[in-house]
J.: 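Pasting in a structure now, in structure tokens, and then I'll have a few things to ask.
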There are 2 protein chains.
Amino acid sequence: MGFPERKQKILKLLDQHDNREVQEIADTLGISAITIRRDLQQLAEEGLLVRTHGGAMKAPALHPFTAFTDKATVGQERKQHIGKLAAAQVKPGDTIFLDCGSTVFAMCQHLRKTGPLRVITNSLPIVAAFMDCDQITVNLIGGEIDKERKAMHGQRALQHIDSYRGAKAFIGTDGLSLKNGLTAFSEKEASISKAMAAQADTVYLLCDSGKIGKDSYLKYAPFTIFDHLITDRQLPASTAAQLKAKGVSVMS
Amino acid sequence: MGFPERKQKILKLLDQHDNREVQEIADTLGISAITIRRDLQQLAEEGLLVRTHGGAMKAPALHPFTAFTDKATVGQERKQHIGKLAAAQVKPGDTIFLDCGSTVFAMCQHLRKTGPLRVITNSLPIVAAFMDCDQITVNLIGGEIDKERKAMHGQRALQHIDSYRGAKAFIGTDGLSLKNGLTAFSEKEASISKAMAAQADTVYLLCDSGKIGKDSYLKYAPFTIFDHLITDRQLPASTAAQLKAKGVSVMS
DNA sequence: ATCAAAACAATCAAATTCGATCAAATATAA
DNA sequence: TTATATTTGATCGAATTTGATTGTTTTGAT
């Protein structure tokens, strides 16, 4: 049994159980422990798992925007819920902007059955999600590719967005608080979200409850940029009340 | 049993079992192990499987828009040859245009080792091919997505191309003849190729010998649009002579 | 704080596999 | 037909992988 086969089996083991000891893996696969240790080191260097004393544990979710394909990510259920709610706001025939956040991405599977749509986005995963969907026309924002976020950014992308007009925009954020408004981790991404919001009649902010009350380091927009906040049921009632008092329309 | 037949059988084997050892494949097909190793190397270069020490494993799931995966086709070898020649024309630091033809796509795997590059393209498969390649910066042309061709087309895309400038352009064509010049099936695709050619200092036309002397229905450009024709060795010597007499620089 | 057991990193040897070169067989071209 | 090119198979040295042994570090309990 070669390394790749072991690699697959080890990752599969860690997918089932969250963590395994070296000896357990060695026994399961019938391979010496020293070899397993070497495998684990290699896999840890690739970031596919986290090495611990005596074993290994499943890799944590990566940067918030690279984990699109990870099904078992924490918070995925919240995102699915938000995605479903947001998708319900879209009517057949709409032209909508979608930014490149993972929460917005969760809308895609629910939008597939909505009917004919025009989607304008800078996100490659979103393009991929609609690639086999005849009813949905996709306009992709051009520009320099940010490989980590799998999206287009930059001046050219902003200009491109400004040349479109749409009924609704669905944008994400890294942080949302009464004091600082919308905050983000990435300036590039924030500027794209802002540009989309400016070209849409109605703006929906998708933000799971875990991000509400938290701030990221870059303040990029006030509350007034969006019309409706879509979040999940884990949002504390007190927080919801505070938001509503500030004039925010909250859906959950 | 020739190579194409083995190629199919090896890929079929790997499709059934996820990974096989060299010796297993050799026994199954009744071929010497050394030949199998050579086959595996070739298949690995085409990206159809992943080579490992002692065997091979199934190619990992590709991005949703990696097209042009007619795996066992014969014409693929010509395209590979042309792609290799074309890639050799690219120098580290170049900015190059790549259009969305399948022959141009064949350049990608050879470009990965060239060094730092800036690639400007309207093709999603090309984007996917360079997604994990740090040395290569990709600028994607925006516009409406043509799902069948997995590329962006339209007026906006043409404008976007006009705003760039590059050293070299590599474009494909559906037909090439002395009488009618460059001909194509798709007007959209032809206009993109033309726009890229206009913005590059040097233009390379990639065209396998099977298309030379054939016409498609849409005449879209004269011979003067390109500087060098890159084709394969199956080009009859007489045809090559005719082209050279017309002032065309032919590489094969 | 100290001690014992386990796990780790480093080095080594055996086995296997790989890559390069060469010869024979086959296919292709003139 | 002959001559050339390509493909297949074999052999040998180099490189990789695997498992064992050694001494060192970490862990957990006294």
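Proteins come first, then strands; the chains are lettered A, B, ... in the order of their sequence lines, and each starts at number 1. We use all heavy atoms of the structure for the numbers below, so side chains are in, but hydrogens, waters and symmetry mates are not.
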J.: Rounded to whole Å, please give me the gap between CZ in A:Arg6 and P in D:dT17.
T.: 10 Å
J.: CD1 of A:Ile34 versus P of C:dT11: gap in Å, rounded?
T.: 13 Å
J.: Would you classify B:Arg233 as touching base, sugar-phosphate or nothing, given that sugar-phosphate means primed atoms plus P, OP1 and OP2, and contacts are heavy atoms under 4.0 Å?
T.: nothing
J.: Does B:Lys246 qualify as a cation-pi partner of B:Phe223, given the criterion of NZ or CZ under 6.0 Å from the six-membered ring centre and within 45 degrees of its axis?
T.: yes
J.: In whole Å, I'd like the distance from the CG atom of B:Leu40 to the C1' atom of C:dT17.
T.: 12 Å
J.: Rounding to an integer number of Å, can you tell me how far B:Arg51 CZ sits from C:dC18 P?
T.: 4 Å
J.: With no hydrogens and no angle check, just 3.5 Å: does a side-chain donor-acceptor pair link B:Thr95 and B:Tyr164?
T.: no
J.: Would you mind reading off the distance between A:Ile25 atom CD1 and C:dA7 atom C1', rounded to a whole angstrom?
T.: 14 Å
J.: Can you tell me the distance, in whole Å, between the CD atom of B:Gln234 and the C1' atom of C:dA27?
T.: 14 Å
J.: Is A:Glu144 paired with B:Arg118 through a side-chain N to carboxylate O contact shorter than 4.0 Å?
T.: yes
J.: Measure from CD on A:Gln41 to P on C:dA10 and round the result to the nearest Å.
T.: 8 Å
J.: Can you find a donor-acceptor pair, distance only, under 3.5 Å between B:Arg38 side chain and C:dG19 base?
T.: no
J.: Indicate whether OP1 or OP2 belonging to D:dT8 is found under 4.0 Å from a side-chain N or O atom of B:Thr35.
T.: no
J.: May I have the distance from B:Ile31 (atom CD1) to D:dA10 (atom P), rounded to whole angstrom?
T.: 11 Å
J.: In terms of side-chain geometry, is the basic nitrogen of B:Asp208 or B:Lys79 positioned less than 4.0 Å from the acidic oxygen of its partner?
T.: no
J.: If each of A:His53 and A:Ser32 is mapped to the nucleotide of DNA chain D with the nearest heavy atom, which maps nearer the 5' terminus, i.e. the 5' end?
T.: A:Ser32
